[in-house]
Undergrad: 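I'd like to ask you about the structure that follows.
Order of the sequence lines fixes the chain letters, A, B, ..., with proteins taken first and strands second; residue numbering starts at 1 for each chain.
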Amino acid sequence: MKYDFSAIESKWQKFWEDDKTFEVGIDHSKPKYYALVEFPYPSGAGLHVGHIKAYTGLEALSRKKRLEGYNVLFPMGFDAFGLPAENYAIKTGVHPRISTDKNIAHFSDQMKKVGYSFDWSRVIDTSSEEYYKWTQWIFLKMFDHGLAFRDTALVNYCPSCKVVLSNEDSQGGKCDVCHSDIVQMPKEVWYLRITEYCEKLLEGLARVDYPAYVKAQQENWIGKSTGAFVDFQLKGSEEKLRIYTTRPDTLYGVTFMVIAPEHPVIDRNAKVIKNMPAVEDYRAECAKKTEFERTQLVKDKTGVRLEGLSAINPVNGKEIPIYISDYVMMGYGTGAIMAVPAHDQRDWEFAKKFGIDIIEVIKGGDISKEAYTGDGEMINSGVLNGLTNKKDSIEKMLEFLEQKGIGEKGVQYRMKDWAFNRQRYWGEPIPIIHCPHCGLVGVPYDELPLRLPDVKNFEPGTDGESPLARIEEFVNCKCPKCGGDAKRETDTMPQWAGSSWYYLRYIDPHNDSAFASEEAKNYWLPVDWYNGGNEHVTRHMIYSQFWHRFLYDIGEVNTPEPYMKRTCIGLVLGPDGDKMSKSKGNVVDPLDVIKVYGADTLRTYVLFMGDYEKAAPWSENGVTGCKRFLDRVWGLQDILTGSEEYRAEFTSKMHRTIKKVTSDIDSVKYNTAIASLMTLINDFYSSGAVTRAELRDFCILLYPFAPHITEEIFEAQKFGGYIHNAKWVSYDEALCKEDEVEVAVQINGKIRDKLTVSAEAEQDEVIEAAKALERIAAEISGKQIVKAIYVKGRLVNIVVR
RNA sequence: GCGGGUAUGGCGGAAUUGGCAGACGCGCCAGAUUUAGGUUCUGGUGUCCAACACGUGCAGGUUCAAGUCCUGUUACCCGCACCA
């Protein structure tokens, strides 16, 4: 009988759906397991093979965990708000609701054709009212706790998309979506005070099992640095100028100061500054530059000295000049630095250009050539002189500063507050009312969701306003506090909002009175394993770790961390080894693969194609190989014997394969798990037969990867019930060992012969047997045996001279 | 510049963590089946080969034994980046 994959696959997909096989509920009689994969944005393009690889990993784990007796929550949903649907609407006039629903239906259909064991009763859509009601609810909680606030800022503005973008969305000075150049625009915008959670986010990393590089990336993103704040008295003004430095030990080497062009101290002391016109010119020049130009295209240091204003170095009383330069940012530290040209390359370059003194305070370099940033003996440094260790000198200086009251220890973070709004239509409306009397007032909780109104024109306003601003019925409202006329906020939340908490909704997706019940939180949280793309380990994951930690702090969830374990998938590259992209024409459509080879082949291939966590090119031939493997699996039914036991010569092989597949699935080594099944099936064919017990257990091992074919064989051969209800196979460590093993025999570390011995044989016995081998005997005769080593079950090495 | 990572046949990749390098799959070669192509099956396949020998980016080192450990070095990939 031929392996008719398409009949088999549709049969079992229908069965699982009708039977609701994978729907789960709270069941205290079983241990829970929460496996989470990143949900997709339902684009018009449909599922990509990258999605397939991402989902199939934990899909295999979930199927296995169920057989192992776990109550497995493996949900799926759609991150449905976002720009593409809106841009599509602007182009075609089709409402994002309509195109999004269509895309969700298409994605769901495709996922079902792959045979995923998602709990389809829990599907969520972040753009549905039932969902975004709770996104707004969490936002309001943050607002109530002072974590959501408005501030005027220079924002990254994309003139083409007509939206304000966060720094994360405008990397490299280009818009993430349309790749136009970003310009700077002053605007009052919403922020979430994520910086308040820097320490908690860092500390949380100790509790979770993320790959080291993921932790490193998050730490890097948060960017903690420790140092000191130091106050410099201004000469010609009453003010003190506060700077931040990580090297307070170099204070004696300070020969000038630099402040950001936007620093407010300039305006406050405008009268004293003699060259204000030149200063204003420079500031205007800087304001024109985008963030990208200011930070990326650094060729030469520029700046202007503030004539008439200077500062006093607090440790030695020396008067030093102050410059403005765009190499100092207002957004980091205090917007002012003490410059130590001898030991900081940027300061060195600036000093060289402007002819400023360079004073060496750390011995060890040649400061006439470049700044010296290494360790060395402190010189010209008063109390620090003679110290040779950076840590000691920093400590001593901090002590000194605190004692004199001129400075203190300080900490800075690279991460900035999260610009939390878009002037766009297709997103969660921010549930805030602007009242002329009461200021910002939250929409009352019982009025949530604040519905996204229907509009005809999706085009954003040319001044960066949201399309919502044009809808008077939406904008005009009464203040919930004073009852007076007020206006609604018309901005919507950014793409990242809905995905920051979606894993919490899956545990109780239809709850109307809370985002999830206490019972569900207590049972399902936290997520045990979260798998997804590398590109999400900073933005998405940090954002959701922040939201979760906030909910924990206000008692809304019971675990400080959302995700206990994280893995990242390697990219699926095109057959040419390049990143898959429509423009290159190297995109593989998973549905095409399913039509020709079947879903089981597709699933097996994406896990077999290479190291799961590394990028690998798609290979049609590789797919064929997996199809051949499944053909051979099907063919095992033709060589089936009636025995309900393992054959003696297969006992050890079976147990070893069970052990390998079991541990490999748990440790993301799907490729070697599948390889070991291929080896086993090759052995079955070589022996010309397979017993019922062998085939049954083989099917269970293969089931996580290829569930349809194994369901079918299990039923056809009447192995008992359905394979999805079977118990995962167990192995006996003792039986994994072979009775006899072949060991290599080496002379001086080089292989000379092989020897078959009992696995339990002792060292002396094996060495004697090795020496007795004809070839070995010939080679060692007349030589002195210095040493002989036996590594049990592996090799013998005879060292001769 | 800082942080993280990778380097193994013609290709994707294995290697119980110091113990027979190249499992498994692809590709390729030969043979069988087939009217032919494809499919399927059998055998072979790191390099040089009769053998010795040589082989895990490169150069050293430790060890009876190194893809694995140590020192140095090169190339590539990813993240952050005038962060004071």
Undergrad: Should we count CD of A:Glu408 as having more than 12 external heavy atoms under 6.0 Å?
TA: yes
Undergrad: For A:Tyr332 and B:A84, is the shortest distance between a side-chain N/O and OP1 or OP2 below 4.0 Å?
TA: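 Yes, A:Tyr332 has a side-chain N/O under 4.0 Å of OP1/OP2 on B:A84.
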Undergrad: Quick check: closest heavy atoms across A:Ile52 and A:Pro590, and the distance to 0.1 Å?
TA: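 Smallest heavy-atom distance, with atoms named: CG1-CB, 3.7 Å.
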Undergrad: Quick check on RNA chain B: between A:Leu795 and A:Val214, whose nearest nucleotide comes earlier from the 5' end?
TA: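 Of the two residues, A:Val214 wins.
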Undergrad: I need the minimum non-hydrogen distance between A:Pro341 and A:Ile358, along with the two atoms involved.
TA: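 Distance-wise, the nearest heavy atoms are CB-CG1, 3.8 Å.
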Undergrad: Among A:Thr56, A:Val668, A:Ile665, find the one that has a side chain to side chain contact (heavy atoms under 4.5 Å, CB included) with A:Leu607.
TA: A:Thr56
Undergrad: Once you round it to whole Å, what is the distance between C1' of B:G13 and NZ of A:Lys53?
TA: 12 Å
Undergrad: Taking the side chain of A:Gln217 as heavy atoms from C-beta outward, which of B:G79, B:A84, B:C52 is closest to it?
TA: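 For the A:Gln217 side chain, the nearest candidate turns out to be B:G79.
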Undergrad: So that I can tick it off, tell me whether A:Glu768 and A:Lys771 are bridged by a salt bridge, with the cut-off set at under 4.0 angstrom between side-chain N and carboxylate O.
TA: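 Between A:Glu768 and A:Lys771 there is a salt bridge, with a charged N closer than 4.0 Å to a carboxylate O.
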Undergrad: Looking only at atom C1', what distance separates B:C58 and B:U6, rounded to whole Å?
TA: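 Pairwise C1' distance, B:C58 against B:U6, rounds to 16 Å.
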Undergrad: If you compare every side-chain N and O of A:Asn534 against the phosphate oxygens of B:G79 (OP1, OP2), does one of them come in below 4.0 Å?
TA: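 It does not, given that no N or O in the side chain of A:Asn534 lies less than 4.0 Å from OP1 or OP2 of B:G79.
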Undergrad: Kindly point out which of B:A84, B:G13, B:A15 is positioned nearest to the side chain of A:Thr245?
TA: B:A84
Undergrad: Looking at B:G13, I'd like to know if its phosphate oxygens (OP1 or OP2) sit under 4.0 Å from a side-chain N or O belonging to A:Asn671.
TA: no
Undergrad: Using a cut-off of 4.0 Å on non-hydrogen atoms, how would the nucleic acid contact of A:Ile751 be classed: base, sugar-phosphate, or nothing?
TA: sugar-phosphate
Undergrad: Could you give the distance separating B:G55 and B:A59 at their P atoms, to the nearest angstrom?
TA: 10 Å
Undergrad: Give me the distance, rounded to whole Å, that separates B:A84 from B:C76 when you measure between the C1' atoms they each carry.
TA: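 Taking atom C1' in both B:A84 and B:C76, they lie 32 Å apart.
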Undergrad: On a whole-Å scale, what distance lies between the P atoms belonging to B:C28 and B:C77?
TA: 31 Å
Undergrad: A:Lys750 side chain: which of B:C83, B:C20, B:C54 is closest?
TA: B:C54
Undergrad: Please report the distance, rounded to the nearest Å, between NE2 in A:His536 and P in B:C78.
TA: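 Nearest whole value for this atom pair: 17 Å.
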Undergrad: Any idea which of B:G79, B:G19, B:A84 is nearest the A:Arg346 side chain?
TA: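 Between B:G79, B:G19, B:A84, the one nearest the side chain of A:Arg346 would be B:A84.
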Undergrad: Would you indicate what A:Asn682 reaches in the nucleic acid, counting non-hydrogen atoms under 4.0 angstrom: base, sugar-phosphate, or nothing?
TA: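 Here A:Asn682 touches the backbone only, sparing every base.
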Undergrad: Check every strand shown and say whether A:Arg656 touches a base, only sugar-phosphate, or nothing at a heavy-atom separation below 4.0 Å.
TA: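 No contact.
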Undergrad: Which label fits A:His536 and A:His540: parallel for a plane angle under 30°, tilted from 30 to 60°, or perpendicular past 60°?
TA: perpendicular
Undergrad: When you measure from the centre of the six-membered ring of A:Phe354, is the NZ or CZ of A:Arg305 under 6.0 Å away and within 45° of the axis?
TA: no
Undergrad: Heavy-atom count check: over 12 atoms from other residues, nucleotides or ligands less than 6.0 Å from A:Lys215 NZ?
TA: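 Enclosed.
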Undergrad: Between B:G72 and B:C20, how far apart are the P atoms? Round to whole Å, please.
TA: 29 Å
Undergrad: Could you give me the stems involving RNA chain B, meaning stretches of three or more consecutive Watson-Crick or G-U wobble pairs whose two defining distances are both below 3.5 Å?
TA: B:1-7 with B:74-80, B:10-12 with B:24-26, B:27-32 with B:40-45, B:57-61 with B:69-73
Undergrad: Give each protein N/O atom lying under 3.5 Å from an N/O atom of nucleotides 5-12 of chain B, with the pair distance.
TA:
from, atom 1, to, atom 2, distance (Å)
B:G12, O2', A:Met609, O, 2.4

Undergrad: Please report the distance separating the P of B:G5 from the corresponding atom of B:G9, rounded so that it comes out in whole Å.
TA: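 Nearest-Å result for B:G5 against B:G9 at atom P: 23 Å.
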Undergrad: Expressed as a whole number of Å, how far does the C1' atom of B:G22 sit from that of B:G13?
TA: 10 Å
Undergrad: Base, sugar-phosphate alone, or nothing: which one does A:Lys669 contact when heavy atoms must sit under 4.0 Å apart?
TA: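 Result for A:Lys669 = sugar-phosphate.
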Undergrad: Separation of A:Asp326 atom CG from B:A84 atom C1', in whole Å?
TA: 14 Å
Undergrad: Do the ring centers of A:Phe684 and A:Phe650 come within less than 6.0 Å of each other?
TA: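 A:Phe684 vs A:Phe650: aromatic centres under 6.0 Å.
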Undergrad: Output the single nucleotide from B:C41, B:G25, B:C83 whose closest atom is nearest the side chain of A:Met678.
TA: B:G25
Undergrad: When the P atoms of B:G19 and B:G10 are considered, how many whole Å apart are they?
TA: 25 Å
Undergrad: Can you tell whether the side chains of A:Asp249 and A:Arg247 come within less than 4.0 Å, N to carboxylate O?
TA: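 Yes.
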Undergrad: So does A:Arg656 pair up with A:Glu738, basic N to acidic O under 4.0 Å?
TA: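 Yes, charged N to carboxylate O under 4.0 Å.
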Undergrad: Can you check the A:Met415 CE to B:C83 C1' distance for me, whole Å?
TA: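 Roughly 14 Å, once rounded to whole Å.
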Undergrad: B:C83 P sits how many Å from A:Trp221 CH2, rounded?
TA: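 Nearest whole value for this atom pair: 16 Å.
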Undergrad: Return a single string for nucleotides 62-75 of chain B, one symbol per nucleotide in 5' to 3' order, where B is base contact, S is sugar-phosphate-only contact and - is none, cutoff 4.0 angstrom on heavy atoms.
TA: --B-----------
Undergrad: If you measure from the Lys or Arg side-chain nitrogens to the Asp or Glu carboxylate oxygens, is any gap between A:Glu38 and A:Arg566 under 4.0 Å?
TA: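 Yes, this pair counts.
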Undergrad: If the glycosidic angle sits within 90 degrees of zero it is syn, else anti. Tell me which applies to B:U17.
TA: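 Chi for B:U17 falls in the syn range.
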Undergrad: Give the rounded distance in Å between these two atoms: NZ of A:Lys579 and C1' of B:C76.
TA: 17 Å
Undergrad: Look at the side chain of A:Arg628 and decide which nucleotide, out of B:C26, B:C52, B:C54, has an atom nearest to it.
TA: B:C26
Undergrad: How close or far is atom C1' of B:G1 from atom OH of A:Tyr372, stated in whole angstroms?
TA: 17 Å
Undergrad: Looking at every strand, decide which applies to A:Glu742 at a 4.0 Å heavy-atom threshold: base, sugar-phosphate, or nothing.
TA: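 Base, at least one base atom sits under 4.0 Å.
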Undergrad: Tell me whether A:Arg603 forms a cation-pi arrangement with A:Phe705, defined as NZ or CZ under 6.0 Å from the six-membered ring centre and within 45 degrees of its axis.
TA: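 That pair does not qualify as a cation-pi contact.
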Undergrad: Which way is the base of B:G9 turned, syn or anti, if we draw the line at 90° from 0?
TA: syn
Undergrad: Figure out the CD1/C1' separation between A:Ile798 and B:G19, and round it to whole Å.
TA: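 Roughly 15 Å, once rounded to whole Å.
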Undergrad: For A:Thr246 and for A:Tyr685, find the nucleotide of RNA chain B with the closest heavy atom, then tell me which residue's nucleotide is more 5'.
TA: A:Tyr685
Undergrad: Is the A:Phe350 ring parallel, tilted or perpendicular to the A:Phe256 ring (thresholds 30°, 60°)?
TA: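 Plane angle under 30°, so parallel.
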Undergrad: Determine whether more than 12 heavy atoms belonging to other residues, nucleotides or ligands lie under 6.0 Å from atom NZ of A:Lys409.
TA: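 Open: at most 12 neighbouring heavy atoms sit under 6.0 Å from NZ of A:Lys409.
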